[in-house]
Amino acid sequence: MENQNTAFRPSLSLLDATMIVAGSMIGSGVFLVSAEIARNVGSAGWLTLMWVLGGIVTIIAAVSYGELSGMYPKAGGQYVYLREAYNPLVAFLFGWTQFSVIQTGTIAAVAVAFAKFSSYMIPAFSEENYLLNLGFLKISAAQIVAIISIILLTWINTRGIKNGKIIQTVFTLAKLLSLFGLIIFGFLLGAKQEVWDANWTNAWQAVSLTQDGGQITTTLLSGLALCGAVAISMKGSLFSSDAWNNITFIAAEIKNPRKNIGRALFLGTLLVTIVYVSANLMYLAVVPMHDIAFAAKDRVAVVAAQQIFGNSGAYVIAIMIMVSTFGCNNGLILAGARIYYTMAEDGLFFKKAAELNEHKVPANGLWIQCLWASLLCLTGKYNDLLVMVIFGVLIFYVITIAGIFVLRNKRPDIERPYKALGYPVLPMIYIVVASALALLLLMFESGYALSGLLIIVIGFPLYYLAMKTQKSV
């Protein structure tokens, strides 16, 4: 750890760390995901509950990670926790999945969301504006704009952690203030008592909503069908809150990391949960439930903003999402390369990724990440990839939090400046809930879950190939 701390510059304060947690979590999900949840569970009470539960589960996971971050405040974060609790193979499988799909796929998806909403201001940036159409390969203006944004943020972050933290803090504060502004204006200017009352009538009657030719069909849910609907809905709320663990990847660059990472994890996840739940209560005060469920292209926030601000509402939301996604991607790009840095130090990634440039950042890792994320933008399959790994992401969270129990037994002597809140009850609750969600996803979205599992399994031969190469050098 001494080598890492002398190589990296610990320059991020508690505020910077909290902004990275919150900023990496808030992308475009809160503006879109409520439509899918509303179709799955169909009532105000259940819609709100999905966001509340998603927030609670996320906070439990985050405060549990606080113990691990205090024990191992090193670059790579979760990769290091898995290596120390289990073995290098488990850590590699996590790192491989992060690089191949999770981190890079998220960067690609967020960048394309940025470009798509930029087209509100500049129509030429539209997804429908194809710059190249070869039949088997279509490249739109939105994809090119997305790649340019990834390259720009990567370049900025190669110039030092200070540049990245300034962008992160400024953009995260901007999107938090704009979200709170939207929520407040929503309640003050757009709220209608009759809409609120109608939405909360039969608020706890779980139903599935489908639309066919303008005709809406309502199906009551109970038993296993309800469990499946809850799992699919929480998939949306949980992964709108994902990427909070990115702060652990840059532990070596945080001041007093043993304590500040745990604090930032709690403060950031709590803040985002409050924003998400408040935003959905605002939607329910402004937009009828059926309009939430069947908003055009799932853009619930656009429907709400049009009720609040009139025709200019779509532009208000477009600007908010542009700010949100740009800041979100900065945090993802900044943090991701630190995993590859530590993997490369272990001989499990490209050797050049373990080098720091004159600004004390892993520039090679940043550019490798940039290249793969940009290629994912061109495939147009980034959203499919993200859905595939949702199952795997849950599994890695479960394994990591189970690592707290393993390390309490394996390394009882190591200093723990921050202990998991509510241990052993809260970490165990997370393990049970996340495992149940993973099992339900395996049952109800088996194609995606099995595909995600396949991506992880591909990591096994790659690990042994890397180990063989390492021995032959």
Side-chain angles (χ1 to χ4, degrees), residues 22-42 44 46-48 50-52 54-55 58 105-120 125-127 142 146 175-176 178-179 182-183 186 190 209 211 229 232-243 272-273 275-309 313-329 332 380 382-387 390 445 448:
S24 299
M25 290 171 71
I26 304 173
S28 57
V30 68
F31 302 98
L32 306 168
V33 169
S34 295
E36 183 185 22
I37 297 176
R39 289 194 296 272
N40 283 317
V41 292
W46 281 97
L47 171 64
T48 307
M50 294 304 95
W51 286 99
V52 170
T58 299
T106 305
I107 289 168
V110 171
V112 172
F114 168 79
K116 280 166 62 176
F117 283 89
S118 299
S119 67
Y120 273 85
F125 290 173
S126 170
E127 275 188 306
K175 64 181 161 184
L176 285 171
S178 61
L179 271 167
L182 178 68
I183 292 163
L209 301 176
Q211 188 176 46
I232 295 168
S233 298
M234 282 196 67
K235 173 194 72 178
S237 62
L238 279 174
F239 289 93
S240 293
S241 303
D242 198 27
V272 171
T273 298
V275 170
Y276 282 1
V277 174
S278 300
N280 278 275
L281 290 173
M282 182 273 288
Y283 295 156
L284 290 167
V286 174
V287 184
M289 179 57 69
H290 288 177
D291 291 342
I292 292 175
F294 300 105
K297 296 184 178 179
D298 286 354
R299 292 171 181 172
V300 180
V302 170
V303 177
Q306 286 173 333
Q307 294 289 330
I308 301 164
F309 303 111
Y315 293 98
V316 171
I317 295 300
I319 293 168
M320 286 178 65
I321 292 180
M322 287 170 65
V323 170
S324 182
T325 49
F326 194 79
C328 175
N329 246 0
L332 294 170
Y382 35 82
N383 281 323
D384 292 343
L385 290 169
L386 284 176
V387 177
I390 284 171
E445 294 197 336
Y448 288 127

- Message: side chain to side chain contact (heavy atoms under 4.5 Å, CB included) for Met289 and Leu284? Distances and angles first, verdict last.
- Response: CA-CA 7 Å; Met289 179 57 69; Leu284 290 167; 3.5 Å; yes
Side chain of [X], backbone of [Y]: donor and acceptor closer than 3.5 Å?
X	Y	result
Ser34	Val30	no
Ser324	Ile321	no
Asp242	Leu238	no
Lys116	Ala142	no

For the residue pair [X] and [Y], establish whether any side-chain heavy-atom pair is separated by less than 4.5 Å.
X	Y	result
Thr58	Met25	yes
Val33	Phe239	no
Tyr120	Val316	no
Phe117	Arg299	yes

For [X], check side-chain hydrogen bond (donor to acceptor under 3.5 Å, both in side chains) against everything at least two apart and list the hits.
X	answer
Asp291	none
Asn40	none
Gln307	Lys192
Thr273	none

For [X] and [Y], which heavy atoms make the closest approach, and how far apart are they?
X	Y	result
Gly313	Ala305	O-CB, 3.4 Å
Val41	Leu47	CG2-N, 4.0 Å
Lys175	Gly23	NZ-O, 2.9 Å
Ala304	Val286	O-CG1, 3.9 Å
Leu209	Ala293	CD1-CB, 3.9 Å
Cys328	Ile26	CB-O, 3.4 Å

- Query: Around atom OH of Tyr315, are there more than 12 heavy atoms of other residues, nucleotides or ligands at under 6.0 Å?
  - Reply: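 Counting neighbours around OH of Tyr315, 12 or fewer heavy atoms of other residues, nucleotides or ligands fall under 6.0 Å, so no.
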- Task: Decide yes or no on side chain to side chain contact (heavy atoms under 4.5 Å, CB included) for Phe309 and Leu182, but give the supporting numbers first.
- Result: CA-CA 10 Å; Phe309 303 111; Leu182 178 68; 3.9 Å; yes
- Query: Could you walk me through whether Thr48 and Asn280 pass the side chain to side chain contact (heavy atoms under 4.5 Å, CB included) check?
  - Reply: CA-CA 7 Å; Thr48 307; Asn280 278 275; 5.6 Å; no
- Quick one: pull up CE in Met234 and OG in Ser240 and give me the separation to the nearest 0.5 Å. 11.5 Å
- Under the salt bridge (Lys or Arg N to Asp or Glu O under 4.0 Å) rule, collect the residues that match up with Arg39, sequence neighbours excluded. Asp298
- In chain order, what residues pass the side-chain contact (heavy atoms from CB on, under 4.5 Å) check against Ala301, with sequence neighbours excluded? Phe31, Tyr283, Ile317
- Evaluate the ring planes of Trp51 and Tyr276, with Trp represented by its six-membered ring, and classify them as parallel (under 30°), tilted (30 to 60°) or perpendicular (over 60°).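 Rings of Trp51 and Tyr276: perpendicular, as their planes differ by over 60°.
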